[in-house]
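Lettering of chains follows the sequences in order, A, B, ..., and the numbering in each one begins at 1.
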Protein chains: 2
Amino acid sequence: MAKADPGVDAILDQLDAFLHTKQLKLTSQRRQIVDKILAMPRHFTADDLVDSFVGERPRVSKATVYRALSLLAEGGILETHDFGEGHRLFELSIGRSHHDHLCCTKCGKIIEFFSEEMEVMQDRIAEKLGFHATSHSQKIYGMCRDCWRAAKR
Amino acid sequence: MAKADPGVDAILDQLDAFLHTKQLKLTSQRRQIVDKILAMPRHFTADDLVDSFVGERPRVSKATVYRALSLLAEGGILETHDFGEGHRLFELSIGRSHHDHLCCTKCGKIIEFFSEEMEVMQDRIAEKLGFHATSHSQKIYGMCRDCWRAAKR
DNA sequence: CTGAATGCAAAGTATTTGCAGGTCT
DNA sequence: AGACCTGCAAATACTTTGCATTCAG
C-alpha cells in the first residue's frame, strides 16, 4: 500500500542521502515510517504515528518511531513545531515551501500563511543584531473566524 | 529579603486584582513566589523556581509553584515560551514591553528584539485571514555572533 | 562480517492531580 | 464558617535509553 504516493521516492532519496552522510542505514522500518507519514494529516505527533502501526503486520515499535522522527528532522525532511500543547508536532517539509502559522486557541485549528515581506524583515533584524539566522518560527495566536463569531454573541 | 524590589507591589496589585475576578486568594505562598520570581533571571523554568525554595523556612511545594505559575500566566503577569527544549520558560511580562526572540542554537543564548513594522504586519496578516489575533510568538533560530565566528574557522 | 538498528521494558523528564488537613476573607 | 489552598505522594504524558537480538551494506 501507499505505493503510488506522490513524493515517496523523493523523500526516500533525500533520506538515503542523509543517512549515507552519517553512515546510517535505510532499514525497512524507516521506509515504512516514511510511508505512514505520507498518510498522516499535515501536522501529526509522534504518538499518532506510533498508533498508525497498531495491528500492522511488520509492526514498528514506539522507540523506533521516535528515533526515526529525530533523524528525519535532523535531515531536514521533517520540521518540528511546538504549539505549546505539551508535545511536538511534525510536518513534512519536503516539497512544501516555508510558511508560518496562525493557531486558534479555541478550536485548535491551524492556518498557514506566508509573507515574503515578513521573511525579508526577519533576515534584516537578525543581521542587524549580528545573528546568523538559519530558520525561524512564527505563530500568531487568537481565534479563527468561526470561534470568534461564536464567542461574540 | 526582597523587600525593596522594584515592581513587587505593582505585580502583587495586578495579581490580587486578577485573583479577585476569579474569587481566589492572595496567599503567603503566592506572595513568596512573586518575590522569588523577581530574583530569577529573565527566563526561568518551573523547576528553577522550585529549586529556589530548597532549604527555605516557609518552604513552598512543587505543586504550589506549578499551580501559581499557571495562574500568573493566565493573569497576564507571566508569559510562557517554548524554545523546544522540552520544558516551558517563563518570563515576567509586567513592566516590560512585548518583544520577540533570537535563539542561538549553539550556546542557547537568547536575544530579544522588537520591531513595530513586524507587529503591524502580523496584525494585517491575521486580519486578512479572518483571524482575531490576541498574541504572537516569533523566534528566529541561528547562531549568535560569537558562535558563528567560532564555527567558521 | 560488523556496525548499526530494532523491540521491549524500564527509566527519565516535566507537569498534573487526589486527598486530608490548614488558611484566608 | 466556608471556600479556597497547600503539601505530599502518586499519577500522567511524552520521550529517551539499556540491552540482547537481528539486519543492512
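- Each of B:Arg31 and B:Ala63 was assigned the nucleotide of DNA chain C with the nearest heavy atom; the assignment lying further toward the 5' end belongs to B:Ala63.
- Considering only the side chain of A:Ser61, C:dG7 comes nearest among C:dG7, C:dA14, C:dC24.
- Counting heavy atoms from C-beta on, the side chains of A:Phe18 and A:Leu71 come closer than 4.5 Å.
- Residues A:Leu24 and B:Val65 each lie close to DNA chain D; by heavy-atom proximity, the contact nearer the 5' end of the strand is made by B:Val65.
- Between B:Arg30 and C:dC24 there is no side-chain polar atom (N or O) within less than 4.0 angstrom of OP1 or OP2.
- Residue A:Arg67 is in base contact, counting any heavy-atom pair closer than 4.0 Å across all strands shown.
- Nearest-nucleotide positions on DNA chain C for B:His87 and A:Leu19 put A:Leu19 closer to the 5' end.
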Open item on the list: One pair to check against side chain to side chain donor-acceptor pair (under 3.5 Å): B:Glu127 and B:His132. What are the steps and the verdict?
Closed with: CA-CA 7 Å; B:Glu127 195 183 344; B:His132 181 76; over 6 Å; no

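- Atom-to-atom, CD of A:Gln29 to P of C:dA4 comes out at 17 Å; the value is rounded to the nearest Å.
- Per the geometry, NZ belonging to B:Lys25 stands 16 Å off P belonging to C:dG22, to the nearest Å.
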Test salt bridge (charged side-chain N to carboxylate O under 4.0 Å, His left out) on A:Glu79 and A:Arg96; report intermediate values, then the result. CA-CA 11 Å; A:Glu79 225 167 284; A:Arg96 307 209 59 221; over 6 Å; no

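- Rounded to whole Å, the distance from CZ on A:Arg88 to P on C:dT13 is 15 Å.
- For the pair B:His20 NE2 and C:dC24 C1', the interatomic distance rounds to 11 Å; values are reported in whole Å.
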*Could you go step by step and tell me if A:His101 and A:Gln138 meet the side chain to side chain donor-acceptor pair (under 3.5 Å) rule?*
CA-CA 6 Å; A:His101 300 93; A:Gln138 172 163 28; over 6 Å; no

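- Residue A:Thr27 has no polar side-chain atom (N or O) positioned under 4.0 Å from OP1 or OP2 of C:dA4.
- Rounded to an integer number of Å, the gap from CG of A:Asp82 to P of C:dT15 is 11 Å.
- Look at NZ on B:Lys62: it is 13 Å from C1' on C:dT17, rounded to the nearest Å.
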- Message: As a quick check of understanding, evaluate salt bridge (charged side-chain N to carboxylate O under 4.0 Å, His left out) for A:Lys109 and A:Asp146, giving each step before the final call.
- Response: CA-CA 10 Å; A:Lys109 191 188 305 173; A:Asp146 297 341; 3.8 Å; yes

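- When the C1' atom of C:dT25 is taken as reference, atom CG of B:Asp16 falls 11 Å away, rounded to whole Å.
- Along DNA chain D, the stretch of nucleotides lying under 4.0 Å from any heavy atom of chain A spans, 5' to 3', D:dC14 to D:dG25.
- One interatomic measurement links the two molecules: CG of A:Leu15 to P of C:dA5, which rounds to 11 Å at whole-angstrom precision.
- Atom CD of A:Gln23 is surrounded by 12 or fewer heavy atoms from other residues, nucleotides or ligands within 6.0 Å.
- Within the 4.5 Å cutoff, the side chain of A:Arg88 has no heavy atoms near those of the A:Leu69 side chain.
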